[in-house]
Each structure stands twice: as C-alpha cells, then as structure tokens.
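Below is one structure; the comments refer to it alone.
Worth knowing before you read on, the calculation uses all heavy atoms, side chains too, and leaves out hydrogens, waters and symmetry mates. Since we're looking at a predicted model, the values are computed, not measured. Proteins come first, then strands; the chains are lettered A, B, ... in the order of their sequence lines, and each starts at number 1.
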Amino acid sequence: MIALVDCNSFYASCEQVFRPDLQNRPVVVLSNNDGCIIAANKEAKALVDIPMFQPVFKIKKILDDHHVVCFSSNYTLYSDMSRRVMDTLKTFSPLIEEYSIDESFIDLSFYQGKALETIAHKIKDTIFKNTGIPVGIGVAKTKSLAKMANKFAKKIPENNNVYVVDSEEKRKHLLQTSTIKDIWGIGRKHTVRIENTGKKTAWDFANMEVAWVRKEMTVIGERLWRELNNFPCLEIVTSTDAKKGIGTAKSFGKKLDDYGLVEEACSYYVAEVADLLRQQKSAATQMEIFLTTNYHNDGDKQYRNKIIITLDSPTNSTIKLTQQALIGLKKIYKDGYRYKKVGVNLFHLVPEHQIQLNLFEQPSKIESKKLTDAIDTLNDKFGKNKVKLATVGNREKQWALIKEHRSPRYTTQWEELLTIGGL
DNA sequence: TCTGGGGTCCTAGGACCC
DNA sequence: TCTGGGGTCCTAGGACCC
C-alpha cells in the first residue's frame, strides 16, 4: 500500500506556524511580484470562492472587505519547513518519493498486516507535533488512488484528514463521489473530451473501454485507467535524476526600457542557473535567452523574441555563460519597448566530468574552473552574491521582484528569528 | 497601475541510416 | 507499369503537474 501525504494549504500553513495570532483567520499567499494568489487557507477559501491564480488587483476589494491577511511568497521559509516535514516522514518508511515541496508518496508495505488507518493518523499527528504543519493522508494500492483518497480525506470533515482505500467498497465509494476533473492527471482538455461521451464520475471513467482511453489519452491515460482499477503502473521514484533542463525567468518588479537594466537582470539570472548547474555537477551545451513585453497589456507595443546559443563545448562557468548570454541578448533586444521579463534556459545538460572539448579549444578550462570554484567557495562562506560579475551591477536592483508583505525567514536567518514579546 | 514560475512525459513527423 | 522494410535521432507541440 502507498500513502500520499500532502500538507494542507502549505504556504499559508507555514506562515501561520509563526503567527499564532492568525489562527482561524483567512490567510493567502501571493506569487512573485505579489501578482496572483497561489495559496489560501481554509478560512480564506470558506469566505469567498477565491480563485487560485487570479490577479490580486481583480479581487482586492473582496480581500479588504474580509480582512484577509496577505503574504508575499517566502520560499526560503517554505523550503526549510518542507525539509522538516520530509525529515519526519522519513522516520516512518525507508521508501519515499518527494513529489513536490508539500507532498510525498511513501511505501507502507513495511506495515503489512497492521491497521493502516491508525498508522496514518500517527504520521499526521507526528508531523503536526514536530512542525506545526497540518497534513492530509490518502492510502491505497496505487499512487493515483492514493492521490484521490488524499483529496477525499480533506474534503469530507468526518474523514479527519485520513482516508484508506482498503476494500473494493471504499474504492467504489471514492470513485463514485469524485468527478472526472478530480482525477489526478486529467486536466481541462481531457475532462471535456471525457464528459462529451456522457461520463460524469471517476467511476464512469474507470469503467470506460480501455481502447478509447488509449486512443484519446495515449499511454498516460491508460496507465491512469489501470491505476484507478487497482493495477499499479506507477512506481515510487526515490532517486532524483539530474535535471534535463534548468531555467529561470522572472517578471521585473516594474517595466524596463533601459538596456543596461535588462542586461543586469539577465546576468543575474544566468549566474543563478549556472550555480544550480554546478550544484548538480552538470554542464550545458545549449542556452536560450528570451525577453518579452507585458502581453497582458493591450495598450503597449508588444515584442517578444528568443535566441538559442550553442556553446563551443559544454560549460557550467558563470563567466562563459554570461559572455554568450549577453551577446545573444544584444541581438534580440530592440529599443523602444517596455520589457516585462527576461529569462534564460539551459539545455542538453551533460555530467561535468564527461565534457568533450572542442577540437580547437585551448586547454584553459582548468584555470577557469579554479576561478569559478574560488568564487563559489567565497559565496558559500560569506553569503550569496558577495562575489559576482560586474555585469550584474553593484547598485540596487531596480528590476527586483516586489515583495511588500514578506514574512521573516524565521528558520534560516539569525537576524530574523522569531521573537516573543516580554522575554 | 497591477496578471507566477518551474517542471515532466509523450507523440507525430521530419530527416536520416542500412 | 513496376518503388522494401527496418531502424534511430531529434524537435515541436500538447497535456498535465505543483
């Protein structure tokens, strides 16, 4: 049996752990630049139907009227809290798949013959005791069923955040009370396609002709169909393979029409992805640079473009990548537009110890690696970006993300530790 | 005025090989 | 007139996830 453990309104819960005064109050967390709503606790969801990913300015009045507490996203805090939750989970099973920042699949075969419902409650209570984060747990024979059981566990209050699919009856009940779009892996498009055939519930889907499913939804759909029928097709994935591509692209805090600032932002993001690349000990063969104006804004002149740069030989040197990135940026940058976003993507990653040098390349690689290593060491010791390329600029980041309501990084910065009044 | 960011997997079709 | 059969590799685009 497999359990899917999922934190309840994770980002909002993280904020509430350190703010007991916000218990039972509506809380939402905003995306980068405080643009959209990306998490809402149950009090906030109960108040109004807060649509996720809605731009905040469209529902500002609702938030104000109900005194909803808004936080900018604080990923440093959420990542650290996630680690704590996962550490606790690891004490219950040796086989864990960290599926996302707030959920994990865990293998429960270790507990064969024991009452899984009791175990699940114990896991839930221990996580809450250790971290203050409430979780829901779904248990079933397959990952897809566990995922749905988890949703069901949270939806029905009597379930008390735990639902175990350990009988044919319960499987049927779960599937019959779930809609098509409740199924994990079925999104908007497929929901329409399936509903057009007259099916309404997950149970209907699980009883469709498998040939139809295969034809319309490819092998992914067929696996899902089999999983809902209790045949495991998806394994718990414990090893995390090196990523196949690494990228970053963030909207500026304000629109930019100055090449120098766009260049600064671009350099900054290249340094960021190059760092990630070195952390996973890979080197990139290809790099894409793109920039775009704000396409939501009809009034502005629109322009977007990208350029793909093939590197002479794979590299993870910030210096080399930045050089190439800025040559590329210059080629696609056009004056006279107000830019909203610049981004960089690295592809065709290879392990750094397998770099095939270009036939004509001078063996200066070693020196360049020494320099990069030295910079990494200094930054590890003295803090992020203490040593950086001049192209990143040394002034205040005029393009920085807007984060007006960011909470302290309670668990990772000494200066931001939680203080308790009166002590 | 204000609209996120980071991923994965699969298929079809082109281009090429023997 | 008659035009095989078996492959690989790569990319773009679709669909979905958190």
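- Remark: A:His348 is not in phosphate contact with C:dC9, judged by side-chain N or O atoms under 4.0 Å from OP1 or OP2.
- Each of A:Tyr75 and A:Arg214 lies near DNA chain B, and the nucleotide nearest A:Tyr75 is the one positioned closer to the 5' end.
- Among the atoms of the strands shown, only primed sugar atoms or phosphate atoms (P, OP1, OP2) are found under 4.0 Å from some heavy atom of A:Asp102.
- Relative to the side chain of A:Trp184, the nucleotides B:dG6, B:dC2, C:dC18 differ in distance, and C:dC18 lies closest.
- Remark: A:Lys340 is in phosphate contact with B:dT3, judged by side-chain N or O atoms under 4.0 Å from OP1 or OP2.
- Distance A:Leu224 CG to C:dA15 C1': 13 Å, rounded to the nearest Å.
- A:Ile186 comes within contact range of the sugar-phosphate backbone alone, with a heavy-atom separation under 4.0 Å but no base atom that close.
- As a whole-Å value, the separation of A:Glu288 CD from C:dA12 P is 10 Å.
- Taking 4.5 Å as the limit, every side-chain heavy atom of A:Val344 sits out of range of all side-chain heavy atoms of A:Glu288.
- In this structure, A:Lys147 reaches the sugar-phosphate backbone alone: every heavy-atom distance under 4.0 Å involves primed, P, OP1 or OP2 atoms, never a base.
- Straight-line distance from the NZ atom of A:Lys151 to the C1' atom of C:dC18: 12 Å, rounded to whole Å.
- A donor-acceptor contact closer than 3.5 angstrom is absent between the side chains of A:Asn8 and A:Ser13.
- Counting to the nearest Å, the C1' atom of B:dG5 and the CG atom of A:Asn74 are 16 Å from each other.
- The nearest whole Å value for the distance from the CD atom in A:Glu222 to the C1' atom in B:dC9 is 16 Å.
- In terms of phosphate contacts, A:His296 brings no side-chain nitrogen or oxygen within less than 4.0 Å of OP1 or OP2 of B:dC2.
- OP1 or OP2 of C:dA15 lies within a sub-4.0 Å distance of a side-chain N or O belonging to A:Lys189.
- Taking the six-membered ring where the residue is Trp, A:Tyr78 and A:Tyr11 present parallel rings, their angle staying beneath 30° rather than reaching 60°.
- Nucleotides of DNA chain B nearest to A:Ser31 and A:Val219 differ in position, and the one nearer the 5' end is that of A:Ser31.
- Here the nucleotide nearest the side chain of A:Glu103, chosen from B:dT11, B:dG6, C:dC18, is C:dC18.
- Minimum atom distance to the side chain of A:Lys250 is reached by B:dG6, of the listed B:dG6, C:dC16, B:dG4.
- Listed pair A:Asn294 / B:dT3 meets the phosphate criterion, a side-chain N or O lying under 4.0 Å from OP1 or OP2.
- For the pair A:Glu98 CD and C:dC18 P, the interatomic distance rounds to 16 Å; values are reported in whole Å.
- Within 4.0 Å (heavy atoms only), A:Gly247 reaches sugar-phosphate atoms of the nucleic acid but no base atom.
- Listed pair A:Thr248 / B:dG6 meets the phosphate criterion, a side-chain N or O lying under 4.0 Å from OP1 or OP2.
- Relative orientation of the A:Tyr269 and A:Trp399 rings is perpendicular, given thresholds of 30° and 60° on the angle between their planes.
- Checked against a 6.0 Å centroid threshold, the rings of A:Tyr99 and A:Trp184 count as neighbours.
- The distance between atom CD of A:Gln54 and atom P of B:dG4, rounded to the nearest whole Å, is 11 Å.
- Between A:Tyr339 and A:Tyr303, the ring planes lie perpendicular to each other; the angle is over 60°, past the 30° to 60° tilted range.
- Residue contacts for A:Lys254: at a heavy-atom cut-off of 4.0 Å it reaches no nucleic acid atom on any strand shown.
- Between A:Lys341 and B:dG5, a side-chain N or O to OP1/OP2 separation shorter than 4.0 Å is present.
- The interatomic distance linking A:Glu227 (CD) with C:dC16 (P) rounds to 17 Å, in whole Å.
- Contact check, A:Arg193 against C:dA15: a side-chain N or O comes under 4.0 Å of OP1 or OP2.
- When both pairing distances are held under 3.5 Å, B:dC18 makes a Watson-Crick or G-U pair with C:dG5.
- A distance of 8.0 Å separates CG of A:Leu228 from CZ of A:Arg171, quoted to the nearest 0.5 Å.
- Contacts of A:Lys58 with the nucleic acid, taken as non-hydrogen atoms under 4.0 Å apart, are absent.
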